[in-house]
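Keep in mind that what you see is a predicted model, and the values were worked out from it rather than measured. Order of the sequence lines sets the chain letters (A, B, ...), proteins ahead of strands, with each chain counted from 1.
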Amino acid sequence: MLRLYNTLTRREEEFAPLRDNTVRMYACGPTVYARAHIGNFRTFVCVDVLRRTLKYVCGYLVREVVNYTDVDDKTIAGAQQAGKPLREYTEHWIGAFRADAGQLGLELPEETPRATDDLNLRAMSDMILTLERNGHTYRRDGSVYFKISTLPEYGKLARLDHEGMRDGARVDVDEYSKDDPRDFVLWKASKPGEPSWDFGAGPGRPGWHIECSAMALRLLGEAPIDLHAGGIDLIFPHHENEIAQSEGATKREFARFWLHVEHLFVENEKMSKSLGNVYTLAEIAARGHRASALRYLLLSSHYRKQLNFTWTGMDQAEEALRRIVDFLARLETVTAAGEHPAVRQAVDRARADFRAALQSDLNTAAALAAIFDLVRDVNAAIDARQIAAPDAMAVRAAIDEFDQVLGVVSLRQAEDAQPPVPVEEIERMIEERKAARRRRDFAAADAIRTSLADRGILLEDNPGGTRWKRK
RNA sequence: GGCGCCGUCGCCAAGUGGUAAGGCAGAGGUCUGCAAAACCUCCAUCUCCGGUUCAAAUCCGGACGGCGCCUCCA
């Protein structure tokens with residue numbers, strides 16, 4: 001049984017979908033005005049592992065919605081600056097996001113709606129009209145606001161202290177038009193030069209929070225949905241306001257489980273543009289690192305702990321992953337017939353440990369340890385010749401199974417399949433080197449190895465022959 | 001001012017009452033034309049001080065240190 005920490009209750013709870021063995025989940029996606037940074041991707045990678053755990057460990061069906069926020073102050077400003085229509089401008093950044101997501105091995109969610117799709121704008125307007133009928137709103141200067149005093153439950157997710165948050169708390173003073181500073185806008189009145197739609201709530205554009213409520217319920221069906229996820233900073237105000245909107249409109253609980261991923265730091269500092277430490281995947285690659293290593297690094301600690309990104313951390317991740325990939329290559333060399341119960345036992349143990357780790361609030365660090373335990377045991381078995389081909393296949397199957405969830409080995413192998421030197425050339429040089437070694441011309445053999453190494457290809461002489469791999 | 005989190009080997013990181021997983025790096029050894037890979041051995045008593053307990057890294061109290069949210073933010 002999967003146990004997940006639920007922000008709503010601040011406790012770990014057993015998770016199961018409400019109906020049909022299908023998990024209906026929603027995760028807040030990116031605002032598409034720039035390339036997403038690695039902090040964003042920490043959240044998306046963790047949500048991806050959650051998704052895969054639900055599917056491959058728990059055996060549930062998953063229906064996941066991840067939105068693209070394609071209308072807000074930043075996207076509008078960006079489009080204006082670029083001199084492009086909003087839709088075209090955001091299209092470009094959606095493409096960039098999908099490319100990065102692909103490199104990081106993120107599974108595609110079932111739905112990736114855009115806020116400005118007509119169906120979604122209509123759903124938002126309908127929800128606002130319902131909120132209006134339910135007495136949760138007021139209008140001012142063409143905008144529609146949510147009146148939080150109409151919802152006694154307001155603040156239950158963030159555990160807001162309604163009295164205590166005055167001194168020191170910075171309150172938005174320029175929003176003078178609101179009754180209460182913490183009331184929030186559902187629909188913004190149209191302004192000259194800004195895109196505007198009218199699906200019943202009046203001419204204007206959506207506020208920040210309404211899209212998620214409307215799209216989640218439109219695409220996932222009746223409330224409550226099973227699970228809602230996002231970065232920890234979204235707890236307040238975004239998720240709190242999503243709850244207010246959804247519950248105010250449907251009069252039912254919005255989401256049963258809330259899962260929040262802690263922040264990624266860079267060299268012990270919060271990522272911020274002024275510090276110049278906001279990295280994108282492209283910048284990681286420019287430093288010679290691979291997406292697979294970043295994914296590994298992101299999974300090497302628990303999602304509810306702050307993770308400090310460092311370049312030495314990336315190096316360590318590269319090496320750790322290499323150990324697994326080298327191991328898999330070595331497994332291929334096992335050809336003996338027979339069967340060894342000790343290997344099977346190690347596989348069974350790894351399976352049990354791996355599963356238990358993920359079921360325990362997605363403990364990916366412990367899950368990785370289960371893999372390394374297996375790697376060590378089986379490597380020792382190979383050295384001792386206490387393993388046969390069928391055993392090796394069983395080991396391979398287990399690792400494939402683990403990687404369905406972690407998604408890190410297959411990613412690395414796909415990268416390795418595209419070496420910096422053409423495969424035919426590598427193979428030709430291996431042959432030349434083999435000939436040199438045969439005539440005991442080790443100087444020539446080593447020269448070949450060195451020259452390939454300089455071009456990013458390492459050679460490894462094994463009993464069965466020479467293997468190449470990317471540096 | 002309010003709410004909350006964290007402090008485990010040189011680095012990363014599990015473990016949250018039963019006597020310290022795993023990875024990286026390092027030392028010694030085996031194997032190897034050399035190298036690589038692999039294996040074996042070695043490498044921490046958990047920030048500090050008190051307390052509870054037969055037993056605490058794990059619970060309680062305090063100190064010190066780091067961080068988050070309350071405002072756009074994954």
Side-chain donor or acceptor of [X] under 3.5 Å from a matching atom on the base of [N]?
X	N	result
R330(A)	A37(B)	no
D383(A)	C40(B)	no
D446(A)	G33(B)	yes

For H289(A) and W311(A), take the angle between the two ring planes, folded into 0 to 90°, and tell me which bin it lands in: parallel under 30, tilted 30 to 60, perpendicular over 60.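 Parallel, since the angle between the ring planes stays under 30°.
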
Do any side-chain nitrogens or oxygens of [X] fall under 4.0 Å of OP1 or OP2 in [N]?
X	N	answer
N379(A)	C39(B)	yes
K305(A)	A14(B)	yes
N308(A)	C12(B)	no
R376(A)	C39(B)	no

From the set [options], return the single nucleotide nearest to any side-chain atom of [X].
X	options	result
Q306(A)	G68(B), A37(B), A21(B)	G68(B)
K270(A)	C34(B), G68(B), A38(B)	G68(B)
S301(A)	A74(B), A13(B), A37(B)	A13(B)
D461(A)	C67(B), A74(B), G33(B)	G33(B)

Given that Y296(A) and G231(A) both sit by RNA chain B, which one's nearest nucleotide is further toward the 5' end? Y296(A)

Residue closer to the 5' end of RNA chain B, R322(A) versus R10(A) (nearest nucleotide):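 First, find each residue's nearest nucleotide; the 5'-ward one identifies R10(A).
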
Assert yes or no for the condition that the ring centre distance of F146(A) to Y154(A) is strictly below 6.0 Å. no

Taking only the [atom1] atom of each, what is the distance from [N] to [M] in whole angstrom?
N	M	atom1	value
A57(B)	C49(B)	P	13 Å
C5(B)	G10(B)	C1'	26 Å
G50(B)	C39(B)	P	43 Å
U47(B)	G65(B)	C1'	8 Å
C59(B)	C24(B)	C1'	34 Å

5' to 3', nucleotides 24-32 of chain B under a 4.0 Å protein heavy-atom cut-off (B base, S sugar-phosphate only, - none) gives BS-------

Nearest 0.5 Å, what's the CG-OG1 distance between N67(A) and T112(A)? 9.5 Å

Flag for D72(A)-T75(A): side-chain donor and acceptor within less than 3.5 Å: yes

Is there a donor-acceptor contact under 3.5 Å linking the side chains of Y68(A) and R98(A)?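 Checked: Y68(A)/R98(A) side chains pair up, N/O donor to acceptor below 3.5 Å.
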
Once side-chain hydrogen bond (donor to acceptor under 3.5 Å, both in side chains) is applied, do any residues pair with Y303(A), and if so which ones, sequence neighbours excluded?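 D361(A).
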
At 4.0 Å (heavy atoms only), tell me whether H260(A) reaches a base, stays on the sugar-phosphate, or touches nothing. nothing

Categorize F265(A) for me: base, sugar-phosphate, or nothing, with a 4.0 angstrom heavy-atom threshold over every strand shown. sugar-phosphate

Side chain to side chain donor-acceptor pair (under 3.5 Å) partner of T9(A), chosen from E13(A), R11(A), E12(A):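 When E13(A), R11(A), E12(A) are each tested with T9(A), the side chain to side chain donor-acceptor pair (under 3.5 Å) holds only for E13(A).
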
